[in-house]
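Shown next, in structure tokens, is the structure this report addresses.
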Protein chains: 2
Amino acid sequence: MGVVPADAQRAESTRGARTGVVATRRRGDALLRAIFDAVFDQLRSAGYANLTMEGVAAAAGTGKTVLYRRWATKEDMIADALRHRLPSPGAVPLTGDVRADIHALLRCVQASFNSTRGTAFQLVSAEAGCDRPAVRQTIIDHVVEPCIQLIGEVLHRAAERGEIRPEAAGDLVAASGPAMLVQYSLIREPVVPDAFVAAVVDQIVLPLTTRSAGAEHG
Amino acid sequence: MGVVPADAQRAESTRGARTGVVATRRRGDALLRAIFDAVFDQLRSAGYANLTMEGVAAAAGTGKTVLYRRWATKEDMIADALRHRLPSPGAVPLTGDVRADIHALLRCVQASFNSTRGTAFQLVSAEAGCDRPAVRQTIIDHVVEPCIQLIGEVLHRAAERGEIRPEAAGDLVAASGPAMLVQYSLIREPVVPDAFVAAVVDQIVLPLTTRSAGAEHG
DNA sequence: TGCTTAAGATACGGTCGCGTATCCAATTTG
DNA sequence: CAAATTGGATACGCGACCGTATCTTAAGCA
């Protein structure tokens, strides 16, 4: 073996069957993109618990070798995939309009689901409370915390301008928007629709900021 | 082998080291409780992805045999553990007082975290968006949906009595409380403190129900 | 065109966990 | 106390996946 005509096998290789193309060999970014697609594909179909390097390699139409050349562990690979796909809340331009800014920041959280095929929070919580939270922290640090933080700042400045009631500029209100999106992704379906984001802004976050609301509670 | 004195080994068995007791053999419910403790222990320390039957057996001070006598698969075992440990929202007595009832129902969601060592939502989302959500559905069906449902009814009746604004009796407001608790458990720490539940009631849910709130939005 | 780099197939030993079978001993039952 | 039951310890074959090594060949570059 090894002396057999290799081209015969090559003709019906896995990759050919997947793309339908005559097996053009990918490199660099194109390959990387295919791998990341495969990662989220696998997360979605098999779940985090059952994701394997071999499965990802097969889904990407490549070999384990290629993966191990880039990442030492499964966690590294996933964390890297996230870093490439997750949006950056810090890059969201803020206008000063409370409604628009909160909406923009929540769409950022929404994008973190949709850009990862709805698996982002699956990842966060697959390791929740676990002793070694490897992947989990990537998402929290990269998207959720910054978004809550920025929403908090938006609220705080609005409160200083007197646009909203001062009590609304607290941690809980700032966290309410992201919480609703997470909830939706977990309970309903992985991908959060635009309409839901808008509904959260108008029926949850903004109502909490209006002048008279909640004065008698607390 | 097999003819060696078995008592010599028995003296320093795993179970003895764990309980400090002279290895009294458990049965029925006592054994079941030890197994469920071990399940949540393992979920917490190793995570859902790394939970194994052998690990649970070892942690419970028993053998795989005992587990397989009761459950066919890992998922069955975990689902059963949940069914035994999760609170029943339907059993919460409702008084008619909006604040008290919502508080009671949210404490039920809180209890679903704390009674499972904070692993309940870890489980929900470990399989979020996955093709075969085995364990996930148990928690959603058993606690989260009923709680949201009941909160919705409480709000609805309060709206009919004119105690809260009618728009607040919608799905989003009903879901906001549980969403905040899930968020906390995932982002901050697995176990949700009492004070946080109270803060959610008074700073999020109730403010959303007050008369004037949010009239101009949406 | 020839050289260098990296893709991708394949094979391999090793480990881990699965699920079963087997046997022994502790409880419970009558 | 004898019988029936169930807990508990191994042992074992099996398959999946890991991580590495090897080799061929396509892609990019000078």
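Numbers restart at 1 for each chain; the letters A, B, ... are given by sequence-line order, proteins then strands. Only this structure's heavy atoms are used, side chains among them; waters, hydrogens and symmetry mates stay out.
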Can you list the residues that meet the side chain to side chain contact (heavy atoms under 4.5 Å, CB included) rule with A/Arg27, with sequence neighbours excluded? none
Look at the side chain of A/Leu31 and decide which nucleotide, out of C/dA7, D/dG7, C/dC18, has an atom nearest to it. C/dA7
Is there a donor and acceptor pair closer than 3.5 Å between the side chain of A/Arg69 and the base of C/dA7? yes
Does a nitrogen or oxygen in the side chain of A/Arg26 sit under 4.0 Å from OP1 or OP2 of C/dA6? no
Think A/Arg25 has a side-chain N or O under 4.0 angstrom from the OP1 or OP2 of D/dT24? no
Taking atom C1' of C/dT20 as reference, at what distance in whole Å does atom CE of B/Met53 sit? 13 Å
Rounded off to whole Å, could you give me the CG-to-C1' distance for the A/Leu51 and D/dC17 pair? 12 Å
Does A/Thr62 have a side-chain nitrogen or oxygen under 4.0 Å from the phosphate oxygens OP1 or OP2 of C/dG8? yes
Check for a donor-acceptor pair, side chain of B/Gln42 on one end and backbone N or O of B/Leu51 on the other, with a separation under 3.5 Å. no
To the nearest Å, how far apart are B/Met77 CE and C/dC18 P? 9 Å
Mark yes or no for a side-chain to base donor-acceptor pair under 3.5 Å between A/Lys64 and D/dG19, with no hydrogen or angle criteria applied. yes
OP1, OP2 of C/dT10 versus side-chain N and O of A/Thr65: anything below 4.0 Å? no
A/Arg27 has its side chain closest, among D/dG7, C/dC18, C/dA7, to C/dA7
Checking B/Glu54 now: which residues fulfil side chain to side chain contact (heavy atoms under 4.5 Å, CB included) with it, not counting sequence neighbours? B/Thr52, B/Lys64
Could you tell me whether B/Asp76 and B/Arg70 have a side-chain N and a carboxylate O separated by less than 4.0 Å? no
Of A/Val66 and A/Glu54, whose nearest nucleotide on DNA chain C comes first from the 5' end? A/Val66
Length of the line joining B/Asp29:CG and D/dT6:P, which is rounded to integer Å: 14 Å
For A/Trp71 and D/dG19, what is the distance between atoms CH2 and C1' respectively, to the nearest whole Å? 16 Å
B/Tyr68 OH - D/dG7 P separation (whole Å): 17 Å
Give A/Thr52 one of three labels, base, sugar-phosphate or nothing, depending on what nucleic acid heavy atoms sit under 4.0 Å from its own. sugar-phosphate
Gap between atoms CG and P, on A/Leu67 and C/dG8 respectively (whole Å): 10 Å
For A/Arg70 and C/dG8, give me the distance from atom CZ to atom C1', rounded to whole Å. 12 Å
With a 3.5 Å distance limit and no angle check, can you tell me whether A/Ser185 reaches the backbone of A/Val182 through a side-chain donor-acceptor pair? no
